Amino acid sequence: MAEWEAVIGIETHVELQTKSKMFCGCAVAFGEAPNTNTCPVCLALPGAIPVPNEEAIEGIVKIGTALDSTINKDSLFYRKNYFYPDLPKNYQISQYTFPVCEFGKLDIMVDGEPFTVGITRVHMEEDTGKSRHVGEGGRIHDASHSLLDFNRSGVPLVEVVTEPDIRTAEQARAYGAELQRIVRTLGVSDARLEEGSMRFDANVSVRRGPDAEFGTRTETKNVNSLRSLQRAITFEIDRQIRVLEEGGEIIQETRHWNEGKGVTISMRIKEESEDYRYFQEPDMLPLEIDEEWQQRVKANQPELPAQKRARYVGLGTDTHTAELLADDPALGGLFDEAVGAGADAKQAGIWLTQEVVAYLRREEKTLSATALSAEHVAELATMVAAGDLSSTASKDVLNGVLAGEGTPREIAESRDLIQISDSGFLDTEVDAVIADNAGAFEKLVAGDMKMIGFFVGQVMKRTGGKADPRLVSEMVRTKVQG
Amino acid sequence: MTDLADLSIAEAGRQLRAGDITSIDLWEATVTRIAYTEPHLHAFLTVDRDGARAAAHAADAAFKAGEDAGPLQGIPIALKDNMCTKGLATTASSRMLEGWVPPYDGTAVAKLRAGGAVLVGKTNLDEFAMGSSTENSAFGTSRNPWDTNRVPGGSSGGSAGSVAAGAAMGAFGSDTGGSIRQPAALCGVVGMKPTYGLVSRYGLIAFASSLDQIGPFARSVEDAALLLEGVAGHDIHDATSYRGEYPTFSDGLDLGVKGLRVGIVKELMVDAIDSEIRSASRAMADKLADAGADVVEVSLPSSEYALSAYYLIAPAECSANLARLDGVRYGNRVPADTTDEMMAKTRAAGFGPEVIRRILLGTYALSAGYYDAFYGQAQRVRTLVRQDFAKAYEHTDVLISPTTPTTAFEIGAKTDDPIAMYYSDVCTIPSNLAGDPSISVPVGLDTQGLPIGFQIMAPALGESTLFRAAAEVERLAEFTARPLLAVSKETV
């Protein structure tokens, strides 16, 4: 029988960090006292009606454009009806037919291999409030009462739905990571998984080989990190295979990822798909996103992570360094400026992703809290290229710059780290050493190349370690060739 | 001397500006009239004596200071109790919202306050505006000032009755399928439903969002135009609000109908319409022709299905609109062990039978497997109705018909037969489905002494033409009768 294959689709909710909520003027803010950012609309008081937020629409068009989607010129809002205490209208304004974006794709790299995930749709909706269950176990089943906070009610929410194209947990994680990068690059959301501003639901099923029909799927929720996304899917794939191999059946249900135990747990059985009684939202007219608006968004689209990585590699960094730089806007920004100021890209990339990152971690600082500027990086690179500074010494100097001790040259001078690369002076020194060690020079001439190190060492000794060893080494070779 | 409560808004405005009377005089005349009529009518759920007096004082102070916020400054006006008023209880005649005090003013209410209107109180309605008689109010039935054994119509029955009885100089209601025009017809006053989107719905407790529209009740066409001007206009709080320009409706009321192309709707002149009403409508059509209008018969073939379509679309929308009334955040709550049970019990106890019937109808019409046959089909009929109107307006400027199939009926006559009650809106519903403006003007009394309403319809944003035609109908009708209740104070 064919090998088991998993079929995975991901639904991602992204909270947009707009100034105001999706359908009212309340601020989108986190961590404020409960029910302070509320109004008749987001509390669903009688008589209150929604007005769509243009900034949020622009946000979803940016996401859809970045995902190569078709942007529907006329898009419709629908009411999705279900009763839940933190959903104040007891319907969610969402989209159904004619979402803002359809038919997109996202290209990712998994283990160095390119992979394309189809994007079914990207639609606009609103977030719910938050319930807090109080008393006893703190779970809904045993709580004595629940408290509701509607600050989040009506926050713009974008849902990105993939095709069932994903086959492994690694691909799922790579997809999630790339989507997160894109959303952050677009500046529409901070996309923090642990805080819920980006949330994944993983639809997983398994089947016997790529030609078999899709199996029954489960939907796993409460995945709060990229690592959990991978772990939860891995667990779910294994669980389903085990159940099927033991002759059992997969039940279509929603499952809850328990991070501590590393397992998914059944939440509720979807006996039949819930009837949300979708109908077109009569409080709103069809949303029109004309060609001009679409083109404006396209024209103003920032460089996307994939484009940035490719550019960095083109400048001379290795793939891994390019990824690290592209993932960190502050680091990437400094890198771009430093290269612009004349720094060697490969050298600058290594410094930033290694020395600088290590320093920031050690000192628990952010880049902007250090004194390091693009000019510093460029100056440092120039000094190394000119032979004024050894590669080893450059790291010390860089740490000094980060600590605010001055410019690279100031630090190199004050620490007496400037190399002697004056060839005239060094030539005299090399000649002097050869004259003092005629026997050793004979051996070198006879072909014992180990002796080069000896001569370099002698010159370093005579110059108090300040000679450029690379230059000295070259000079000794030249002398041998006579 | 005329009781000040019986003045028209236009006349009261002239006297206020001439310094002959004060707003406090109008307030006193109105509360005196309310005190006299209210025990017979039960038109109001709340009378805001103190708030109204303060507003009247403020209006007088403004006049004194030379400030004039417009024709409604100092005028006592009543509001249907589904319009949210900050600090003043708003119930939609439902137990669910008994005692609820909105923390905000709806846009129309805010405009009226800004315009210096004196808001005297909140009027009775069928619960959540669902009904045609006010018998569905959780707080008692309102009565018709022409015959207190009869209904004032509905759902805005309290607003219609208060204006007819002189208990307010003007009033506002909401019209989803005829809820302004039908009670206006039954109470012998002018009632007008504007173009959908002309008046903001923000703060109007929603029944059916795609159909609801706030509009005025008045004792003259001119007053209705003045009232509408006080609340119309674009609102950033309503996404369906009309953004464009529109003319001043009260201009051109005396232009007459010479050359106006008038279509009398064939399908609304059938046997199911009371013969006296049909005769009155026919007579008015003839008078319009005599006055120079070009009267022709037109057909709106799909209007036959309009009533059925309406009773799917409106309940479908209401099933979602009323979902927010769950006892969680406001309103009355029936405690229970779980949240689901609390919500279910709250709704079962808070809603009256007609509201529950419509929520069930609407929920059913939207259900998977039934959506297309019911809601989807109703939307297609709605499109056909719109097309019928568009076709009719290719060769007419306004359409005319009776407003209602019967005059005011007796209390209890139709409460056991929802379908018969629904039929009360047969003439008014097509304009709601089309989103067009429409007005009812009283044109006479039937042999029982009950008022007959005459409906004029115009294409979207055709308010100026509509008011111009209505003003001519008003002149031709010479309808001067007043309900006994309004005049008995002097005669008794």
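These numbers come from the heavy atoms of this one structure, side chains and all, not from hydrogens, waters or symmetry mates. Remember, predicted model here, so these are calculated numbers, not experimental data.
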What heavy-atom pair brings A320(B) and R79(A) nearest, and what distance separates the two atoms?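 Minimum heavy-atom separation between A320(B) and R79(A): CB-NH1, 3.5 Å.
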
P85(A) to V328(B) - nearest heavy-atom pair and separation: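 Reported closest heavy-atom pair: O-CG1, 4.1 Å.
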
Among the listed options [options], the residue most often paired with chain B at heavy-atom distances under 4.5 Å:
{"options": "H145(A), E281(A), R277(A)", "result": "R277(A)"}
{"options": "V51(A), L87(A), V41(A), L148(A)", "result": "V51(A)"}
{"options": "G25(A), C39(A), G47(A), A48(A)", "result": "G47(A)"}

Beyond-backbone contact of P40(A) with H237(B), side-chain heavy atoms, under 4.5 angstrom: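 Not touching, per the 4.5 Å side-chain cut-off.
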
What part of Y278(A) gets within 4.5 angstrom of chain B, counting heavy atoms only: side chain, backbone, both, or neither?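 Backbone only.
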
N81(A) portion near chain B, given a 4.5 angstrom heavy-atom threshold: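 Contact with chain B is through the side chain of N81(A) alone.
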
Does [X] have more than 12 heavy atoms from other residues, nucleotides or ligands lying within 6.0 Å of its [atom1]?
{"X": "R217(A)", "atom1": "CZ", "value": "no"}
{"X": "E195(A)", "atom1": "CD", "value": "yes"}
{"X": "Y96(A)", "atom1": "OH", "value": "no"}

Select, from R201(B), M342(B), M343(B), M83(B), the one with the greatest count of heavy-atom pairs under 4.5 Å involving chain A.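 Looking at each option in turn, the highest pair count goes to R201(B).
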
Identify which of S209(B), P103(B), S241(B) forms the greatest number of heavy-atom pairs closer than 4.5 Å to chain A.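 Going by pairs under 4.5 Å, I would pick S209(B).
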
Donor-acceptor contacts under 3.5 Å from residues 364-374 of chain B side chains, at least two apart:
unit_1  : atom_1 : unit_2  : atom_2 : d
S367(B) : OG     : T363(B) : O      : 2.7
S367(B) : OG     : Y364(B) : O      : 3.4

If you round to the nearest 0.5 Å, how far is CZ of F83(A) from CZ of R347(B)?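 One finds 3.5 Å between CZ of R347(B) and CZ of F83(A).
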
Nearest 0.5 Å please: distance from the OG atom of S210(B) over to the CD atom of Q280(A).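 Taking OG in S210(B) and CD in Q280(A), the distance rounds to 10.0 Å.
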
Side chain, backbone, both or neither: which part of [X] has a heavy atom under 4.5 Å from chain A?
{"X": "F207(B)", "result": "neither"}
{"X": "A92(B)", "result": "neither"}
{"X": "Y330(B)", "result": "side chain"}

Of L322(B), L204(B), N321(B), L97(B), the residue whose pairing with P46(A) passes side-chain contact (heavy atoms from CB on, under 4.5 Å):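 It is L97(B); the other options fail the test.
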
Any side-chain to backbone donor/acceptor pair from R329(B) onto P88(A)? Under 3.5 Å, distance only.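 Judged by distance alone, yes, a pair lies under 3.5 Å.
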
Taking L45(A)'s backbone N and O only, do any of them form a donor-acceptor pair with Y104(B)'s side chain (distance below 3.5 Å, no angle check)?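 Here the side-chain-to-backbone pair does not exist.
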
